[in-house]
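Fair warning: this is a prediction, and the values are worked out from it, not measured in the lab. Sequence lines set the chain letters: A, B, ... in the order given, protein chains first and strands last, and positions in each chain run from 1.
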Amino acid sequence: MGNYTVAVIDFETTGLSPHCGDRTIEVGAVLVANNRIVDRFQSLMNPKMKLSSFIEDYTGITNGMLTKAPDITDVMKKLKKFISTHYLVAHNASFDSKFLDAEFSRIQFKRINEFACSMLTARRVYPDAPNHKLETLVRYKQLKTDGVHHRALADAEMTAHLWMRMIEDIKSAYSRSVVSFGLMQQLGKTQKKKVHEFLAAAMP
DNA sequence: TGCCAGGCCCTCTTTAGGGCCTT
């Protein structure tokens, strides 16, 4: 055990909902194996629509930067290869999973990877954090960061460091049996099974 | 044309509502 790979993923998008026409504009993803980042993937994408000034300000990604960016279809094909069949992790995974599924669906791909959510896990593991935004948790746990926020690869890397730290903190605080029968019973229904699988894989 | 999210979790709960988090 311990020889497992997780793909941590983050999207920047034109807005909050693919069902309202929003598209992805940048993806960042890292592979985590043996408690370290072993590979990285990043690309801008051209959504063929104009970014709002809010999104330009929020991400630092401008309309001008996207005019020469590759088509979303081409990036999704590469992303699919990158994440392969690995487990996926994202901060507030419901957001990234719905965009990944929506973009995959447009090119007749179907996601087979399971998602776990670092935000829902952090709420359980770090209940005393000021809040459970990625930025706050990175500061709270004094995790490695280059100071960039709201860009896909930077956020994916921070999420990866947060995920690795949570695994380590859980491992050091609880025995395997307690993890199985104690902490896991405190988790919400949806995350319990997924986090347990991840932890089981991470245990030596 | 103009509208514009939604899943999870908590609780003053389950015949529901509201906050958090993502862009």
Decide yes or no on side chain to side chain contact (heavy atoms under 4.5 Å, CB included) for A:Ile37 and A:His161, but give the supporting numbers first.
CA-CA 9 Å; A:Ile37 294 174; A:His161 287 297; 3.9 Å; yes

Going by the rule salt bridge (charged side-chain N to carboxylate O under 4.0 Å, His left out), which residues pair with A:Asp57 if we only count those two or more places apart in sequence or in a different chain?
none

If you look only at distance, which donor and acceptor atoms sit under 3.5 Å apart when one is on a side chain in residues 140-148 of chain A and the other is two or more places apart or in another chain?
residue: A:Lys141; atom: NZ; partner: A:Asp169; partner atom: OD2; Å: 3.4
residue: A:Thr145; atom: OG1; partner: A:Gly147; partner atom: N; Å: 2.9
residue: A:Asp146; atom: OD1; partner: A:Val148; partner atom: N; Å: 3.0

When we call it a touch if two heavy atoms are under 4.0 Å apart, what does A:Phe11 touch: a base, just sugar-phosphate, or nothing?
sugar-phosphate

Pairwise P distance for B:dG2 and B:dC8, with rounding to whole Å:
34 Å

Here the ring pair (Phe, Tyr, Trp, His ring centres under 6.0 Å) pairs for residues 11-31 of chain A, sequence neighbours left out, are none

Distance-only donor-acceptor check, side chains A:Asp22 and A:Thr14, under 3.5 Å
yes

C1' atoms of B:dC20 and B:dT15, separation to the nearest Å
25 Å

Counting C-beta onward and ignoring hydrogens, is there a side-chain heavy-atom pair between A:Glu12 and A:Leu44 closer than 4.5 Å?
no

State, with a plain yes or no, whether a side-chain heavy atom of A:Ile55 is found less than 4.5 Å away from one of A:Ile61.
no

Given atom CD of A:Glu12 and atom P of B:dT23, what is their separation to the nearest angstrom?
5 Å

Could you work out, with side chain to side chain contact (heavy atoms under 4.5 Å, CB included) as the rule, every residue matching A:Asp39, not counting sequence neighbours?
A:Leu31, A:Phe82

Using whole Å, report how far CG of A:Asn92 lies from C1' of B:dT22.
4 Å

Nearest-angstrom distance, C1' atom, B:dC4 to B:dT23
14 Å

Which one, B:dC9, B:dT23, B:dA5, comes nearest to the side chain of A:Arg124?
B:dC9

Grab the CG-P distance between A:Leu16 and B:dC8 for me, whole Å please.
17 Å

Any side-chain hydrogen bond (donor to acceptor under 3.5 Å, both in side chains) pairs touching residues 23-32 of chain A, not counting sequence neighbours?
A:Arg23-A:Glu103, A:Thr24-A:Glu103, A:Glu26-A:Gln42, A:Glu26-A:Arg151

Does anything in residues 79-91 of chain A pair up under salt bridge (charged side-chain N to carboxylate O under 4.0 Å, His left out), and if so which pairs, sequence neighbours excluded?
none

Tell me which residues in residues 140-159 of chain A put a heavy atom below 4.0 Å from DNA chain B, sorted by number, or none.
A:His150, A:Asp155

Expressed in angstrom and rounded to an integer, what is the separation of A:Asp10 atom CG from B:dC21 atom C1'?
12 Å

Test ring-ring contact (aromatic ring centres under 6.0 Å, His included) applied to A:Phe54 - qualifying residues, sequence neighbours left out:
A:Tyr58

Taking any heavy-atom pair under 4.0 Å as a contact, classify A:Thr14: base, sugar-phosphate, or nothing.
nothing

Kindly point out which of B:dG7, B:dC21, B:dT23 is positioned nearest to the side chain of A:Ser94?
B:dG7

Rounded to whole angstrom units, what separation is found between the CZ atom of A:Arg123 and the C1' atom of B:dT22?
11 Å

Provide, to the nearest angstrom, the distance between the CG atom belonging to A:Leu100 and the P atom belonging to B:dT23.
15 Å

DNA chain B contacts made by residues 63-75 of chain A, counting heavy atoms under 4.0 Å:
none

Using a cut-off of 4.0 Å on non-hydrogen atoms, how would the nucleic acid contact of A:Asp96 be classed: base, sugar-phosphate, or nothing?
nothing

Mind calculating the distance between CD1 (A:Ile9) and C1' (B:dT23) to the nearest angstrom?
15 Å

Do other residues, nucleotides or ligands put more than 12 heavy atoms under 6.0 Å from A:Lys133 NZ?
no

When rounded to the nearest 0.5 angstrom, what distance separates CG in A:Leu134 from CE in A:Met119?
11.0 Å

Nearest-Å distance once atom P is located in both B:dG7 and B:dC12:
25 Å

Counting only non-hydrogen atoms, which of residues 17-31 of chain A are less than 4.0 Å from DNA chain B?
A:Ser17, A:His19, A:Cys20

Mind checking what makes side chain to side chain contact (heavy atoms under 4.5 Å, CB included) contact with A:Ser84, not counting sequence neighbours?
A:His86

From CZ of A:Phe115 across to C1' of B:dC8 the rounded distance in Å is 16 Å

Residues of residues 131-138 of chain A with a heavy atom under 4.0 Å from any atom of DNA chain B, listed by number, are A:Asn131, A:His132, A:Lys133, A:Leu134

Below 4.5 Å, heavy atoms only, C-beta onward: do A:Val27 and A:Ile9 meet side chain to side chain?
yes

